[in-house]
Amino acid sequence: MFRHAIRQKSPGERLSSLASIEELSDEAERFLHQCYTELDRTAELPARCRAVAAAIRADATYDHTFAELEYGARVAWRNSSRCIGRLYWQSLRLRDRRATDRPLRIGEECVGHLREATNDGRIRPTITVFAPDRPDRPGPRIRNEQLIRYAGYRVDDGGPPEHGKTLPAPRALPSIVGDPRNIALTDSVRALGWYGHGTAFDILPLVIEAEGYRPYVHVLPQDCVLEIPLSHPRHPWFADLGIRWHAVPAISDMCLEVGGLHYSCAPFNGWYMGTEIGSRNLADADRYDLLPAVAANLGLDTTTDRTLWRDRALVELNVAVLHSYEQAGVTMTDHHTEAHRFLKHVAKEERAGRVCPAEWSWIVPPLSGGATAVFHRYYDEADVRPNFVRHGPEGHGPERHGP
């Protein structure tokens, strides 16, 4: 089928296709050598390389074995330069769903992913891999940035669009209820027929795109989303703010690249580091912007920046996040612990003779960065494969975690 398509192309297009096939062959060979060497299976390598080369010559693509895909996904986590939590890259669990192509079944498998990864709060690093892009057919995609995201509503008068309650204090963006980051996604799913309750924490459905199908909206059942109401160990009023967050950060809009193949639908998760929620999701002025509300309840002087009211409110917000997840029995790490773990990971990679790519601005946490162990050094910056990447127009960057 693909060979017939090539014969119908112009000479220039044929050269481009042949170059792509040659590039795929090179990427596949490099990956196989790395994979089978690290897995101590070099005796199998010559036969496997011949089989893959033959498949690429015949069909302009090939298939990974389960072991190759598992290894590739784990190394993609190991190579994720923006992730501080890579020490446990070998623990990533693969759910191989490459045979699943219908949007309804993809949605159901994403629900299954969340249930297995949540594990009653003992979060398990997990990846679910669906069909890769093929020469004649793109793989499926999930429009959502993460499997679990809260809606953001534009409201002219600052009130909820339908019913429910707004945030408990004035915001920098008073015409928005919920998460401003997700306004565009919320608008798109509402255009597809979904409607929420108009609260600050409405869980968005998944929007799944697959060749031959219209965009499909899959509503997440309540039992697959574990949420944690936030409270504070010393301030009872904090619980009255009505803030909550979910347990599993499952990134769903990144492409897993392994051996030249692109798995554009491969949601993966690890567990949260507290600052992701307490210093970014809930604190950023263009997100939930809760620092003014926390500061007001703490009785802080917010008339001047010199009182460091933001800093003090930020610490207490992060204390509440760590406390609440611990009380709920949900896996979470703090930024000081994770910084030490990351340096341990860097040392292990160096002993193995491997480069450990890292972006300083992403590895250093957004709270007390200078007081963490990762602050006082430089890191190697390299774009290596396997890896998780984004294709096409750039949207918001991923949050500060990997699987």
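What's counted below: heavy atoms across the whole structure, side chains too, no hydrogens, waters or symmetry copies.
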[X] to [Y] - nearest heavy-atom pair and separation:
{"X": "Leu192", "Y": "Pro215", "value": "CD1-CB, 4.2 Å"}
{"X": "Leu24", "Y": "Gly259", "value": "CD1-O, 3.8 Å"}
{"X": "Ala247", "Y": "Val330", "value": "CB-CG1, 3.7 Å"}
{"X": "Ile363", "Y": "Ser81", "value": "CD1-O, 3.7 Å"}
{"X": "Gly274", "Y": "Val321", "value": "O-CG1, 4.0 Å"}
{"X": "Cys224", "Y": "Val111", "value": "CB-CG1, 3.8 Å"}

Heavy-atom donor-acceptor pair, [X] side chain to [Y] backbone, under 3.5 Å:
{"X": "Ser80", "Y": "Cys83", "answer": "no"}
{"X": "Asp380", "Y": "Pro357", "answer": "no"}
{"X": "Thr307", "Y": "Thr304", "answer": "yes"}
{"X": "Ser264", "Y": "Cys255", "answer": "no"}
{"X": "Ser324", "Y": "Ser231", "answer": "yes"}
{"X": "Ser91", "Y": "Trp89", "answer": "no"}
{"X": "Arg377", "Y": "Val374", "answer": "no"}
{"X": "Thr118", "Y": "Leu114", "answer": "yes"}
{"X": "Asn79", "Y": "Pro386", "answer": "yes"}

Identified side-chain hydrogen bond (donor to acceptor under 3.5 Å, both in side chains) counterpart of Thr128 within the set Glu109, His113, Arg97: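 The passing option is His113.
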
Can you spot which of Asn182, Asp179, Asp202 makes a side-chain hydrogen bond (donor to acceptor under 3.5 Å, both in side chains) with Tyr153?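 Single pass found, and it is Asp202.
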
Under a plain distance cut-off of 3.5 Å, with no hydrogens placed, do Asn318 and Thr275 share a side-chain donor-acceptor pair?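 No, no side-chain donor-acceptor pair sits under 3.5 Å.
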
Under 3.5 Å, is there a donor-acceptor pair linking the side chains of Arg287 and Asn281? yes

Taking only residues two or more places apart in sequence or in another chain, which ones pass ring pair (Phe, Tyr, Trp, His ring centres under 6.0 Å) with His235?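 Only His232, Trp237 meet the ring pair (Phe, Tyr, Trp, His ring centres under 6.0 Å) criterion with His235.
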
Can you name the residues that form a ring pair (Phe, Tyr, Trp, His ring centres under 6.0 Å) with Phe130, not counting sequence neighbours? none

Please enumerate all residues that pass side chain to side chain donor-acceptor pair (under 3.5 Å) together with Asp120, with sequence neighbours excluded.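 Counting only residues at least two positions away or on another chain, Asp120 forms no side chain to side chain donor-acceptor pair (under 3.5 Å).
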
With sequence neighbours left out, what residues match His335 under side chain to side chain donor-acceptor pair (under 3.5 Å)?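 Result, side chain to side chain donor-acceptor pair (under 3.5 Å) vs His335: none returned.
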
Provide the full list of salt bridge (charged side-chain N to carboxylate O under 4.0 Å, His left out) pairs with a residue in [range], sequence neighbours left out, each pair given once.
{"range": "residues 261-273", "answer": "none"}
{"range": "residues 296-307", "answer": "Asp305-Arg310"}
{"range": "residues 312-332", "answer": "Arg234-Glu316"}

Counting the benzene-type ring for Trp, do [X] and [Y] have ring centres under 6.0 Å apart?
{"X": "Tyr288", "Y": "Phe201", "result": "yes"}
{"X": "His64", "Y": "Tyr71", "result": "no"}
{"X": "Phe375", "Y": "Trp360", "result": "yes"}

Can you list every pair that meets side-chain hydrogen bond (donor to acceptor under 3.5 Å, both in side chains) and has a residue in residues 211-224, with sequence neighbours left out?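 For residues 211-224, and leaving out neighbouring residues, the side-chain hydrogen bond (donor to acceptor under 3.5 Å, both in side chains) pairs sorted by first residue read Arg115-Asp223, Tyr216-His218.
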
Would a 4.5 Å heavy-atom cut-off, applied to side chains only, mark [X] and [Y] as touching?
{"X": "Ile123", "Y": "Asn269", "answer": "yes"}
{"X": "Glu27", "Y": "Leu261", "answer": "no"}
{"X": "Asn387", "Y": "Glu257", "answer": "no"}
{"X": "Val248", "Y": "Leu147", "answer": "no"}

Side-chain donor-acceptor pairs of residues 203-210 under 3.5 Å, sequence neighbours excluded:
{"residue": "Glu209", "atom": "OE2", "partner": "Arg143", "partner atom": "NE", "Å": "2.9"}
{"residue": "Glu209", "atom": "OE2", "partner": "Arg143", "partner atom": "NH2", "Å": "2.6"}

Of Trp271, Tyr325, Tyr150, the residue whose pairing with His246 passes ring pair (Phe, Tyr, Trp, His ring centres under 6.0 Å): Tyr150

For Glu70, which residues count as a salt bridge (Lys or Arg N to Asp or Glu O under 4.0 Å) partner, sequence neighbours excluded?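 Checked Glu70 against salt bridge (Lys or Arg N to Asp or Glu O under 4.0 Å); matches are Arg74.
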
List for me each residue that meets salt bridge (Lys or Arg N to Asp or Glu O under 4.0 Å) alongside Asp101, sequence neighbours excluded, and say none if there are none. none

Can Arg86 and Cys356 be said to form a side chain to side chain contact (heavy atoms under 4.5 Å, CB included), step by step? CA-CA 10 Å; Arg86 286 178 266 169; Cys356 180; 3.9 Å; yes

Apply side chain to side chain donor-acceptor pair (under 3.5 Å) to the pair Glu44 and Tyr36, showing each step before the final yes or no. CA-CA 8 Å; Glu44 305 170 40; Tyr36 283 77; 4.9 Å; no

Where do Asp59 and Arg57 land on the salt bridge (Lys or Arg N to Asp or Glu O under 4.0 Å) test, with the steps shown first? CA-CA 6 Å; Asp59 301 314; Arg57 285 195 301 270; over 6 Å; no

Anything under 3.5 Å between a donor and an acceptor, one on a side chain of residues 340-351, the other on a protein residue two or more places apart or in another chain? List them.
{"residue": "Arg341", "atom": "NH1", "partner": "Glu338", "partner atom": "OE1", "Å": "3.3"}
{"residue": "Glu349", "atom": "OE1", "partner": "Arg354", "partner atom": "NE", "Å": "2.8"}
{"residue": "Glu349", "atom": "OE2", "partner": "Arg354", "partner atom": "NH2", "Å": "2.9"}

Report the C-alpha separation of Arg141 and Asp133 in whole Å, then their side-chain angles, then the decisive distance to 0.1 Å, and conclude whether the salt bridge (Lys or Arg N to Asp or Glu O under 4.0 Å) test is met. CA-CA 10 Å; Arg141 282 164 172 73; Asp133 292 343; 3.4 Å; yes

For Asp187 and Arg154, what are the C-alpha separation, side-chain angles and deciding distance, and is it a salt bridge (Lys or Arg N to Asp or Glu O under 4.0 Å)? CA-CA 9 Å; Asp187 289 345; Arg154 299 179 191 273; 3.6 Å; yes

